[in-house]
Engineer: 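Below is the structure I would like to discuss, written out as structure tokens.
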Number of protein chains: 2
Amino acid sequence: MSISTASKALNNTGRMGDETRERVKRAAADIGFRPNALARGLLSNRTFTIGLLTNDTYGRFTLPVMAGITEALVDHGVSVFLCTIEDDPALGKVHVDAMLDKHVDGIIASGKRIDRRLPVDLSNLPVPVIYAFTEGAPGSVTFCADDYQGAALAVEWLQGLGRRRIAHVTGPESFVSVRERAKAYRDLAGDRLPVMYGMWSEAWGHEAVAQLWSAAGAKPDAIFCGNDQIARAVVDALRERGVRVPEDVSVVGFDNWEIVAAQTRPPLTTVDMNLKALGREAGLTVLALAEGRSVEPGIRTLPCELVVRQSCGGSPDR
Amino acid sequence: MSISTASKALNNTGRMGDETRERVKRAAADIGFRPNALARGLLSNRTFTIGLLTNDTYGRFTLPVMAGITEALVDHGVSVFLCTIEDDPALGKVHVDAMLDKHVDGIIASGKRIDRRLPVDLSNLPVPVIYAFTEGAPGSVTFCADDYQGAALAVEWLQGLGRRRIAHVTGPESFVSVRERAKAYRDLAGDRLPVMYGMWSEAWGHEAVAQLWSAAGAKPDAIFCGNDQIARAVVDALRERGVRVPEDVSVVGFDNWEIVAAQTRPPLTTVDMNLKALGREAGLTVLALAEGRSVEPGIRTLPCELVVRQSCGGSPDR
DNA sequence: AATTTTTGAGAAAAGCTTTTCTCATATTGA
DNA sequence: TCAATATGAGAAAAGCTTTTCTCAAAAATT
């Protein structure tokens, strides 16, 4: 039995008798033959390997993205190198070089905010690069969540529950995500209340509630928060003041960070950015690029969805 | 110029004139030559690639471990495949097979608790396997944190601050980690107070405080918590009751989960399991195994350390 | 029955390095 | 000056697949 015959039998290629083909396959299965992906890659220029590059140390955003990528690609036999580069360009270069040496089929760049570049140069690489939840190079394909739409979802939900004095407590104005969300808030909730920019911390949530409740005049009946950590703090601060959530005030978060949203009392209704779906799309897209299919460049925006828990009233609570 | 001469020049091997060697190196640098790791691996049976397998979806434990592995191995040119298998054996097999096909030099199995196996068979693999923060197969090398020592650190710290009625609010007794920590607590703090087993949730932290403060008799002057989430809830619950932390009661957590420990008011003094160091050791160990060096099997326990913030009093607070 | 077509299987090359061996030239010593 | 040694460089094989080409035997056609 020649090597080439065996190869053709196993790959269902070439011409040969059905009986021979079967016999080869059986023998291969018997001895547990697994073709060497390296030799294969050497020939085909495909390694069924991609790299995921991120500066998101805690994995808050990158892990869901990664889960989506893996889910989409594992069926295609693709494995993923995860490289967490803090904000160190030298380290970034080392990792990228390592990936290139290993001939990854493509690279997905990700991060912790959509308006910052990774501290590493990904232009003119010999492999396709696509961006997911981080700022992409011009002319590249970039995936990100639709902050405006997500925020609109939140505000409309509050309005649908009859809330009319909705406050918006959010992160630093320097984030585009923050500005997008604030824009949706202003467009929909009017501008009776100013947007409260601050920090991504619980401390700011407490502080914001203190400001709102110490101001003169009518208090808000709903607070739309820029992320779940702020929302959690807001809920805690309200409880400490004896304000009931959701009876007196509805609170919506952003991110659907399980670990925060589900542990808050009451659990947070919050906007989910569908990062897993984003990862899935990104994965499928590098794969397409790697296979030589062409893909329209540009920014692809994926819709968010609202996860309803109990911090607003509405359906899943009493 | 022959290919073999070039190879020898670049690898500083073989005999040749210094001038030739230099010339080759310069030329290689000029054209940006990078040796193909696949061809290299085909020959040397080393791919400078390892797999990290985990069922820890949120990356709470695995990400620090991964950071350690990467940190230790990136200098050796090793890249890491991250495979998150929920608790799905089929998915696990797919991922392991994919890694084997790609001829990883070794596999590190990790997880979210040290007394559960990953739902996948890693015995009789053609590559070395080591375990980090998950239960290993008999005869394997396993790394884990020293729960007893970590807990002792916490209790002794409280005692050093003059606390005498120390309570222990922790997770489910089914976890060995919980039992180990409880053992240290009992050995050191005596058994005036029963260990309070419960769940890994904030709800349990609140509940436990309610139980402690509704019981008759003297109240605790310190609470050693089984993890940071419980600790956080305990701190919140105490504050709600008007009990001052750390003036009236000191609280220690476990895990040093930044995102919880640092956001708690006051920030938590807590035990850090040094997962990054654990990852580093694990990485270096697979590498050793991959290079054919022999390694003593068994369970290696790495010491925890106490991270002092403000929830106990003591140094970094007023 | 002789020739053409079809069919099945093997040989060889390619993909990129590294390593071992061989060989020609330069150098040293007698 | 001639033989023996040292030195530098190239040829070839190996590592594992896949693909293209070649070729012999079987089948079909005239």
Side-chain angles (χ1 to χ4, degrees), chain A residues 1-49 76-79 97-106 125-127 290-292, chain B residues 1-51 76-79 97-106 125-127 290-292:
Chain A
M1 174 60 48
S2 85
I3 292 181
S4 36
T5 306
S7 171
K8 283 179 288 191
L10 295 176
N11 295 306
N12 287 323
T13 161
R15 298 179 308 191
M16 66 176 33
D18 288 351
E19 192 269 342
T20 313
R21 203 179 286 277
E22 273 317 306
R23 206 154 39 89
V24 171
K25 283 184 176 175
R26 210 152 350 102
D30 280 356
I31 64 170
F33 171 80
R34 326 219 71 205
N36 184 329
L38 289 115
R40 215 175 210 168
L42 198 53
L43 213 38
S44 63
N45 271 317
R46 287 291 310 282
T47 53
F48 294 92
T49 278
H76 300 265
V78 175
S79 305
D97 284 349
M99 296 195 303
L100 292 180
D101 283 349
K102 278 151 197 148
H103 284 226
V104 291
D105 291 336
L125 254 40
V127 298
E291 287 169 350
Chain B
M1 174 60 46
S2 86
I3 292 179
S4 34
T5 305
S7 172
K8 283 179 288 190
L10 295 175
N11 295 305
N12 288 322
T13 159
R15 297 180 308 191
M16 67 177 31
D18 288 351
E19 193 269 342
T20 313
R21 204 179 285 277
E22 275 316 306
R23 205 152 42 88
V24 171
K25 284 185 174 173
R26 209 153 350 104
D30 279 357
I31 65 171
F33 172 81
R34 326 219 71 206
N36 184 329
L38 289 117
R40 214 174 209 169
L42 198 52
L43 213 36
S44 63
N45 270 317
R46 287 290 311 281
T47 54
F48 294 91
T49 279
I50 70 159
H76 300 264
V78 175
S79 305
D97 283 349
M99 296 194 303
L100 293 180
D101 284 349
K102 277 149 198 150
H103 284 227
V104 292
D105 291 336
L125 254 40
V127 297
E291 286 170 352

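Naming convention: chains lettered A, B, ... in sequence-line order (proteins, then strands); numbering from 1 in each chain. Excluded from the calculations below are hydrogen atoms, water molecules and symmetry mates; all remaining heavy atoms, backbone and side chain alike, are included.
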Engineer: Regarding N45(B), tell me which of base, sugar-phosphate or nothing describes its non-hydrogen contacts under 4.0 Å with the strands shown.
Structural biologist: nothing

Engineer: Which heavy atom of K8(A) sits nearest a heavy atom of R21(A), and at what distance?
Structural biologist: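 Shortest heavy-atom separation between K8(A) and R21(A) comes out as O-NH1, 3.1 Å.
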
Engineer: I'd like to know if S4(B) reaches the base of dA11(D) with its side chain such that a donor and an acceptor end up less than 3.5 angstrom apart.
Structural biologist: yes

Engineer: When rounded to the nearest 0.5 angstrom, what is the spacing between CG in L10(B) and OG1 in T5(B)?
Structural biologist: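 Answer rounded to 0.5 Å: 10.5 Å.
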
Engineer: Measure from the side-chain heavy atoms of S2(A) and tell me the nearest of dG10(C), dT17(C), dA9(D).
Structural biologist: dG10(C)

Engineer: Report the distance from atom CE of M16(B) to atom C1' of dT25(C), rounded to the nearest whole Å.
Structural biologist: 16 Å

Engineer: Classify the side chain of K8(A) versus the base of dG8(C) as yes if they form a donor-acceptor pair under 3.5 Å and no if they do not.
Structural biologist: no

Engineer: Taking only side-chain nitrogens and oxygens of N11(A), does any of them come within less than 4.0 Å of OP1 or OP2 of dT17(D)?
Structural biologist: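 No, N11(A) has no side-chain N/O under 4.0 Å of OP1/OP2 on dT17(D).
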
Engineer: What are the two closest heavy atoms between S7(A) and T13(A), and how far apart are they?
Structural biologist: O-CG2, 4.5 Å

Engineer: If you only use heavy atoms from C-beta on, which nucleotide in dG15(C), dA9(D), dT18(D) is closest to the side chain of A39(A)?
Structural biologist: dG15(C)

Engineer: Once you round it to whole Å, what is the distance between C1' of dC16(C) and CZ of R46(A)?
Structural biologist: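 That distance rounds to 19 Å.
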
Engineer: Round to the nearest Å and state the distance from K102(B) atom NZ to dT17(D) atom P.
Structural biologist: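 So the NZ-P distance, K102(B) to dT17(D), works out to 15 Å.
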
Engineer: Rounded to the nearest angstrom, tell me the gap between atom CG in L10(A) and atom C1' in dT17(D).
Structural biologist: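 It is 11 Å, rounded to the nearest whole Å.
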
Engineer: If you check every side-chain atom of N36(A), which of dC16(D), dT17(C), dG10(C) has the closest atom?
Structural biologist: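 So the nucleotide nearest the side chain must be dC16(D).
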
Engineer: To the nearest Å, give me how far apart CG (D101(A)) and P (dT17(C)) are.
Structural biologist: 10 Å

Engineer: In whole Å, what is the span from the CZ atom of R23(A) to the C1' atom of dG8(C)?
Structural biologist: 12 Å

Engineer: Select from L43(A) and E19(B) the residue whose nearest nucleotide in DNA chain D is closer to the 5' end of that strand.
Structural biologist: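 Going by which nucleotide is closer to the 5' end, it is E19(B).
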
Engineer: Strictly below 4.0 Å, N to O, side chains only: are E22(B) and R26(B) in salt-bridge contact?
Structural biologist: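 Salt bridge absent between E22(B) and R26(B).
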
Engineer: Establish, with yes or no, whether the OP1 or OP2 oxygen of dT17(C) is under 4.0 angstrom from a side-chain nitrogen or oxygen of S7(B).
Structural biologist: no

Engineer: How many whole angstroms separate atom CZ of R40(A) from atom P of dT19(D)?
Structural biologist: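 It works out to 9 Å between those atoms.
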
Engineer: Taking only the side-chain heavy atoms of I3(B) (C-beta and beyond), determine which of dA9(C), dC16(C), dT18(C) contains the nearest atom.
Structural biologist: dT18(C)

Engineer: Under 3.5 Å, is there a donor-acceptor pair between the K102(B) and T49(A) side chains?
Structural biologist: no

Engineer: Shortest non-hydrogen contact from F48(A) to D105(A)?
Structural biologist: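 Nearest pair, atom of F48(A) first, then D105(A): N-OD2, 2.7 Å.
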
Engineer: Expressed in angstrom and rounded to an integer, what is the separation of I31(A) atom CD1 from dC16(D) atom P?
Structural biologist: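 Interatomic distance, CD1 of I31(A) to P of dC16(D): 13 Å.
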
Engineer: Classify the nucleic acid contact of R34(A) as base, sugar-phosphate or nothing, counting any heavy atom under 4.0 Å across all strands shown.
Structural biologist: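 Result for R34(A) = sugar-phosphate.
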
Engineer: Which of these nucleotides, dC16(C), dG8(C), dT18(C), is closest to any side-chain atom of L42(A)?
Structural biologist: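 Out of dC16(C), dG8(C), dT18(C), the nucleotide with an atom closest to L42(A)'s side chain is dC16(C).
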
Engineer: Pick base, sugar-phosphate or nothing for L38(B), based on heavy-atom distances below 4.0 Å to the nucleic acid.
Structural biologist: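 The answer is nothing, as L38(B) stays clear of every strand by at least 4.0 Å.
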
Engineer: Considering every strand and a 4.0 Å limit on heavy-atom distances, what is the contact class for S44(A): base, sugar-phosphate, or nothing?
Structural biologist: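 Contact class for S44(A): none.
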
Engineer: Under 4.0 Å between any heavy atoms, over every strand shown, what does R15(A) touch: base, sugar-phosphate, or nothing? Just pick one.
Structural biologist: base

